[in-house]
Amino acid sequence: QFVPPYTEDCRTEMYPPRGPTFQSAVTWYTVNLDSPPSKRWTEIITDKKDELVSMVQAIKDLADAFVPSGRLEELIDKALPMMIDTLPYPFNEEMKGIATASGVPLGEVILFNIFYEIFTV
Amino acid sequence: CTSLVAEDPRGNLIHARNLDFGLFLGWDMKNHSWVITEKLKPLVVNVDFRRNNKTVFKSTNFAGYVGMLTGIRPYLFTLTMNERFSLDGGYIGVLEWILGKRDGRWMSFLTRSVLENATSYEEAKKLLSDTKLLAPAYFILGGNQSGEACIITRSRTHSLNPLELDVKQGRWYVLETNYDHWKKPLFLDDRRTPAMKCMNQTTQTNISIKTVYDVLSTKPVLNKLTTYTTLMEVSKGNLESYIRACPNPCMPW
């Protein structure tokens with residue numbers, strides 16, 4: 001158990017979650033699908049704005065580490081917003097609302113939402 | 001990631017997952033943790049999506065991400081997705097998209113559409129199997145009847161070797177990490193073997209939300225990339241999630 005891959009004996013009695021492998025519970029929110037798409041995420045993003053800004057900054061730092069000139073970041077902030085209307089409705093409108101509610105540039109919100117496809121690079 | 005759907009002796013289906021993300025995206029030497037993984041944890045939220053003031057589906061999300069990685073359509077089906085690596089990867093799909101060839105779907109928008117609009121396991125299975133994607137993926141789908149669970153292994157254009165629950169043949173659970181089920185996982189990243197060992201040790205008789213949580217809490221199924229664990233029971237319409245930590249010694253992935 002003390003050499004990689006640190007395979008443990010099967011754990012038991014871990015539930016209800018507590019102790020060193022349990023960091024915290026997860027907050028519940030409601031998203032009203034009858035609301036305009038650009039308004040749906042406002043409550044969540046208002047609560048999580050600082051954490052979202054911090055996470056996006058970490059991705060930007062990573063981009064700068066790969067491309068110190070800052071060109072990659074520039075590309076994200078300039079090029080990605082141009083594709084927003086090629087993305088399916090209502091998700092494009094929801095992303096615009098998230099950018100507005102958080103103050104995070106739209107290109108960076110789009111990057112976060114298509115990260116799965118991008119990350120396969 | 002590790003996703004599994006198990007059927008208990010009474011025919012109830014339990015769907016659970018560890019969401020692992022942030023590999024190679026910056027390592028924090030001081031805290032022995034992945035930078036992006038630790039930044040994602042505070043963004044984890046549970047969301048009740050409602051229409052006409054009634055729940056349509058529920059999900060565990062990263063705030064700011066409008067697609068779905070983990071969700072339940074209460075009493076109908078449950079869905080999780082795991083990342084699949086392939087040379088015919090997402091970057092080709094993105095390139096096609098930029099060049100104007102837009103007949104594929106962005107993975108997380110497809111899962112969101114399925115949870116929002118599909119009204120049965122079979123309908124969800126068809127959409128997840130047949131829709132052209134921009135990137136390969138694993139979809140792990142649970143239904144609301146005995147025997148209704150499958151792993152859908154997707155290339156961008158095809159569904160490969162779907163694996164179904166088959167309780168009569170002794171397959172009372174399906175389990176997916178990030179490797180094709182008909183191949184051995186990468187020996188450096190074998191989370192499938194320890195997870196299956198613990199599921200088999202638990203036995204079908206004792207499987208429950210509690211014992212599935214035990215399996216997902218066993219290293220290296222639990223590792224430094226694990227952001228959250230979600231447990232779902234379709235028959236109760238229940239979804240619960242917990243943000244995780246992996247005390248040293250712990251595998252980076």
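We name chains A, B, ... by the order of the sequence lines, and we start the count at 1 in each one.
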Choice from [options] maximising heavy atom contacts with chain A below 4.5 Å:
options: B:Arg105, B:Met107, B:Glu83, B:Gln201; result: B:Glu83
options: B:Tyr228, B:Phe85, B:Phe21; result: B:Phe21
options: B:Asn61, B:Leu69, B:Asp48, B:Val45; result: B:Asp48
options: B:Pro136, B:Gly64, B:Ser113, B:Gly26; result: B:Gly64

Proximal component of [X], with respect to chain A [non-hydrogen, under 4.5 Å]:
X: B:Ser217; result: both
X: B:Val221; result: neither
X: B:Leu222; result: side chain
X: B:Val35; result: side chain
X: B:Ala137; result: both
X: B:Leu231; result: side chain
X: B:Val94; result: side chain
X: B:Trp253; result: neither
X: B:Met81; result: side chain
X: B:Leu239; result: both

Notebook entry, point to check: B:Val114 versus B:Phe139: any side-chain heavy-atom pair under 4.5 Å?
Noted result: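 Result no, sub-4.5 Å side-chain heavy-atom pair not found.
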Checklist line | Close side-chain approach of B:Tyr138 and B:Thr80, heavy atoms under 4.5 Å | finding: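 B:Tyr138 does not reach B:Thr80 side chain to side chain.
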Atom group of [X] that falls short of 4.5 Å from chain B, counting heavy atoms:
X: A:Ile98; answer: side chain
X: A:Gln57; answer: neither
X: A:Thr27; answer: backbone
X: A:Ala25; answer: backbone
X: A:Leu62; answer: side chain

Check: Hey, mind stepping through B:Tyr173 and B:Asp8 against side-chain hydrogen bond (donor to acceptor under 3.5 Å, both in side chains) and telling me if it holds?
Finding: CA-CA 9 Å; B:Tyr173 67 89; B:Asp8 75 10; over 6 Å; no
As an exercise, state the distance from [atom1] of [X] to [atom2] of [Y], rounded to the nearest 0.5 Å.
X: B:Asn82; Y: B:Asp20; atom1: CG; atom2: CG; answer: 8.5 Å
X: B:Ile92; Y: B:Lys101; atom1: CD1; atom2: NZ; answer: 11.0 Å
X: B:Glu96; Y: B:Arg102; atom1: CD; atom2: CZ; answer: 11.5 Å

Checklist line | Test side-chain hydrogen bond (donor to acceptor under 3.5 Å, both in side chains) applied to B:Thr229 and B:Thr70, B:Thr60, B:Asn18, the passing residue | finding: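 Among B:Thr70, B:Thr60, B:Asn18, the one meeting side-chain hydrogen bond (donor to acceptor under 3.5 Å, both in side chains) with B:Thr229 is B:Asn18.
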Answer yes or no: is there an ion pair linking [X] with [Y], defined by an N-O contact shorter than 4.0 Å?
X: B:Asp103; Y: B:Lys132; answer: yes
X: A:Asp85; Y: A:Lys96; answer: yes
X: B:Asp180; Y: B:Arg84; answer: yes
X: A:Arg11; Y: A:Asp9; answer: no

Return the option, out of [options], with the maximum number of heavy-atom pairs under 4.5 Å with chain B.
options: A:Phe22, A:Tyr29, A:Phe91, A:Phe112; result: A:Phe91
options: A:Ile114, A:Val104, A:Thr86; result: A:Thr86
options: A:Leu87, A:Asn32, A:Ile45; result: A:Leu87

Check: Going by atom types alone, do B:Glu240 and B:Tyr242 pair a side-chain donor with an acceptor below 3.5 Å?
Finding: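 Their side chains do contain a donor-acceptor pair, which is all the 3.5 Å distance test asks for.
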Margin query: I need the single residue from B:Tyr65, B:Phe49, B:Phe62 that forms a ring-ring contact (aromatic ring centres under 6.0 Å, His included) with A:Trp41. Which is it?
Written below: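 By the ring-ring contact (aromatic ring centres under 6.0 Å, His included) criterion, A:Trp41 pairs with just one of B:Tyr65, B:Phe49, B:Phe62: B:Phe49.
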